[in-house]
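Reckoned from all heavy atoms, side chains included, excluding hydrogens, waters and symmetry mates. Sequence positions, counted from 1, serve as the residue numbers for this chain.
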Amino acid sequence: MPGTPVPSYFMAIMKTSTIFAVCGITCGLLSAMLGFAGKPWQAGLFGLAAGIWSLATLAMGRRGGKDD
């Protein structure tokens, strides 16, 4: 049917707060790997990104179940 949006199966499985949490964990792990590889400023940037994703996950959790 024309004009009908196609549901995204990925978004049906993953909620927004879950995606934010996965991004935070990924950035945190990448930060640790870069730190051990001797790249301090890159590790710091990814550590900052991990913190921001964590705060976004917390904010999504406090929305009270209005997760897309």
Side-chain angles (χ1 to χ4, degrees):
M1 183 178 285
T4 304
V6 177
S8 171
Y9 295 107
F10 178 73
M11 290 306 294
I13 296 170
M14 301 284 285
K15 292 185 176 186
T16 306
S17 60
T18 306
I19 294 171
F20 284 6
V22 168
C23 290
I25 291 168
T26 303
C27 284
L29 291 173
L30 189 56
S31 173
M33 288 189 306
L34 286 169
F36 287 127
K39 300 182 183 291
W41 69 271
Q42 293 95 336
L45 287 177
F46 277 99
L48 180 64
I52 291 170
W53 281 115
S54 298
L55 291 175
T57 305
L58 180 64
M60 289 297 295
R62 292 184 179 221
R63 285 178 57 192
K66 297 182 178 92
D67 208 355
D68 298 351

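- Alongside L55, the hydrophobic cluster contains no other residue (criterion: ILVMFWY side chains under 4.5 Å).
- Using a 4.5 Å cut-off between side-chain heavy atoms of Ile, Leu, Val, Met, Phe, Trp and Tyr, with links allowed through other members, F46 and L29 fall into different hydrophobic clusters.
- In this structure, the side-chain contact (heavy atoms from CB on, under 4.5 Å) partners of A50, at least two apart in sequence or on a different chain, are C27.
- In terms of heavy atoms, A21 sits closest to T57 at N-OG1, 3.3 Å.
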